[in-house]
Amino acid sequence: MNLPLVYIIVLAAYFVLLIMIGFITQRSTKSTSDYHIGNRNIGPWVSALSFVSAYYSSVVIIGGGGFGYKFGLTTLWIAAINVLLGCFLAWVVLGKRTLALTKKLNAITLPDFLAKRYQLPFARVFISLVIALFLIVYNVSILKGLGDTFNVLLNIRYEWGVFISGLIVVIYVTFGGYLAVVWTGFIQGIIMFVSMGLLLWKTLQVTGGLTAGVVALKAMDKGLVETPGLWGFPGMISYVLVVSLGVWGMPQMLARFYSIKNNKAIRNGALIASVGAAMAFVPYLVGALARTKLPLTDPALMKNADLAIPMLAKAYLPPIVIALFFIGVIAAGMSTFSAVLIISAGATVRDLIKDSFKSKINDKMEIRWSMVCSLIVGLISMALALKPPGLVLQLTAFSWAVIASACLIPFLFGLYWNRTTKTGVIASMVGGFLVSIGWMLLQQILKSKGPLQGIYQYHGFIPGVLASFILMVVVSWTTKDIVSIPTMDQKRNKLNV
Amino acid sequence: MWGMPLLTFLSIVCGLFTILVAILWVLFPGKDEGSEGNE
């Protein structure tokens, strides 16, 4: 059987499975709470693996290979901190309190939680606008990654890649809502894990084992095996923090903590998610080892290092491994797109239209509206991704940083600090948002004059979160409109749940 | 290890150590977690 036929059969079976999950989960979706966060009864395996598959998009797998190829083994630190900070500590620090407080406040989205926790309707409007706008931009970048993957690995036109993968996600998210997102995410997580395992195994065979690969890399350039090596600390630290700590403020990741069953599931989920997240070591390691097989003098790689893993796969790996790797990359992109799509739809329908503008719609109508909204947001993202305008592509790099800068500190302090004031929260949200955007615009201006120097090399996420943190503490201490944690036992500093 | 400098090798140790801590967290839950978050 020839390779394209294997691809088509495997892909078709996979797509049929996804759509079936969409229709099956539709039957369990009876209330709006079901549509946006499931029935708060999701077990550790599904929660954890759908967390990981929402975390890592195809951009991480392909782009991670590119990073490894360019900077070498120092990029393994990205994966290490992803596991530690982006996964395990996120589950430990945020999990239990998020579950307890969102249950107590009956909050089912991040803007909803912030508005109820701080008794601040402004938070709902502001954060839902930030999420709706910047997550659509993030959607476009994920779809672009999917289109590129189809194009490189299957020789299908980019536009078809965007259309096929986008449409399937839009169908199952529209019909199945959050339950479809987590169940498909669970399956996609398993596919990603298996395909990364196979990719690592076969790559190590090709390079003659890990030690031989590392020695060959060292012989090429010592900087490829050292930390921070060719990368340098400013670039490395800021990138690692954005993609690890950033998770703590990303609504599509936090949603897993609203919907999980109980505290025991959180503990087990933390372990499963940490093991699953460790798959991120593979693209960075394989990307770095690819350098020993594919020289930098290759014109295609000089232009675009992201081609490192696809080119290595095509040149050295058996067809079945290429097919599985390809499905893994598609699964990574689709699971992130679906996780983001349901959150953008929730922010638009529930938080903006229903709660902020007090539209009177009943539960059944709200589900219908949410479905229509998922469809519209998905189609807009697909339309933008067909020919991504320059502005969208620039905004993509901003989207994680901007959303996390606006949400992370208000969310974290909302769980733990009893001394927050309404004024402090507004200052923190708006300040973090403006500083991160302002910083990244300044970087663009400075870049046009030459390479960035000194502190300007740090990603906008860092000044954004720092500003948000300082504003929250200083303004809360100097103002009096305190909003305490509703279920807090003041003496024991523990949550009563 | 595997020909890597110490600081680079520590990244792999960091990942494995996190998983070990996660296993311990599952095996030895805190005392006051009897309610398991159910209301």
Review point. Do B/Leu10 and A/Trp77 pass the side-chain contact (heavy atoms from CB on, under 4.5 Å) test, and can you show the C-alpha distance, the side-chain angles, and the key distance before you say yes or no?
Key: CA-CA 9 Å; B/Leu10 280 180; A/Trp77 273 106; 3.8 Å; yes

First locate atom [atom1] of [X], then atom [atom2] of [Y], and finally report the distance between them rounded to the nearest 0.5 Å.
X: A/Thr211; Y: B/Met4; atom1: OG1; atom2: CE; value: 8.0 Å
X: B/Leu27; Y: A/Arg267; atom1: CG; atom2: CZ; value: 10.0 Å
X: B/Ile23; Y: A/Ser274; atom1: CD1; atom2: OG; value: 9.5 Å
X: A/Phe281; Y: B/Leu16; atom1: CZ; atom2: CG; value: 7.0 Å

Check your understanding: At their closest point, which heavy atom of B/Ser11 faces which heavy atom of A/Leu76, and how far apart are they?
Key ->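 In terms of heavy atoms, the two residues are closest at OG-CB, 3.4 Å.
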
Check your understanding: For the residue pair A/Leu84 and B/Cys14, what are the closest heavy atoms and their distance?
Key ->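 Shortest heavy-atom separation between A/Leu84 and B/Cys14 comes out as CD2-SG, 4.2 Å.
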
Practice item. Assess whether atom NZ of A/Lys70 is packed by more than 12 heavy atoms of other residues, nucleotides or ligands within 6.0 Å. Key: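 Result for NZ/A/Lys70: open.
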
**Study point:** chain B-proximal positions within residues 223-238 of chain A [heavy-atom distance under 4.5 Å]
**Key:**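 Expected list: A/Val225, A/Glu226, A/Thr227.
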
**Study point:** Those residues of residues 43-52 of chain A, ordered by number, that approach chain B below 4.5 Å (heavy atom to heavy atom)
**Key:**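 When heavy atoms of chain B are the reference, residues 43-52 of chain A contributes no residue within the under-4.5 Å range.
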
Point to revise | Steps toward side-chain contact (heavy atoms from CB on, under 4.5 Å) verdict (B/Trp25, A/Leu271) | key: CA-CA 8 Å; B/Trp25 199 51; A/Leu271 172 60; over 6 Å; no

Practice item. Please determine, among A/Ile272, A/Val275, A/Ile81, the option with the most heavy-atom pairs under 4.5 Å with chain B. Key: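 Going by pairs under 4.5 Å, I would pick A/Val275.
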
Review point. Looking at A/Asn268, A/Val83, A/Asn82, A/Val92, which has the largest count of heavy-atom pairs under 4.5 Å with chain B?
Key: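 Greatest number of close heavy-atom pairs with chain B: A/Val92.
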
Point to revise | By ring-ring contact (aromatic ring centres under 6.0 Å, His included) - contacts of A/Phe186 (at least two apart) | key: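 Once residues adjacent in sequence are excluded, the partners of A/Phe186 under the ring-ring contact (aromatic ring centres under 6.0 Å, His included) criterion are A/Trp183.
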
**Study point:** Choice from B/Gly3, B/Ala22, B/Gly15 maximising heavy atom contacts with chain A below 4.5 Å
**Key:**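 Most pairs with chain A among the choices: B/Ala22.
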
Practice item. Look at B/Leu6, B/Val21, B/Thr8, B/Val26 and state which one has the largest set of heavy-atom pairs under 4.5 Å with chain A. Key: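 Sorted descending by pairs with chain A, the first entry is B/Thr8.
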
Check your understanding: Listed by chain and number, what are the side chain to side chain donor-acceptor pair (under 3.5 Å) partners of A/Lys202, not counting sequence neighbours?
Key ->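 Here the qualifying residues are A/Gln205.
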
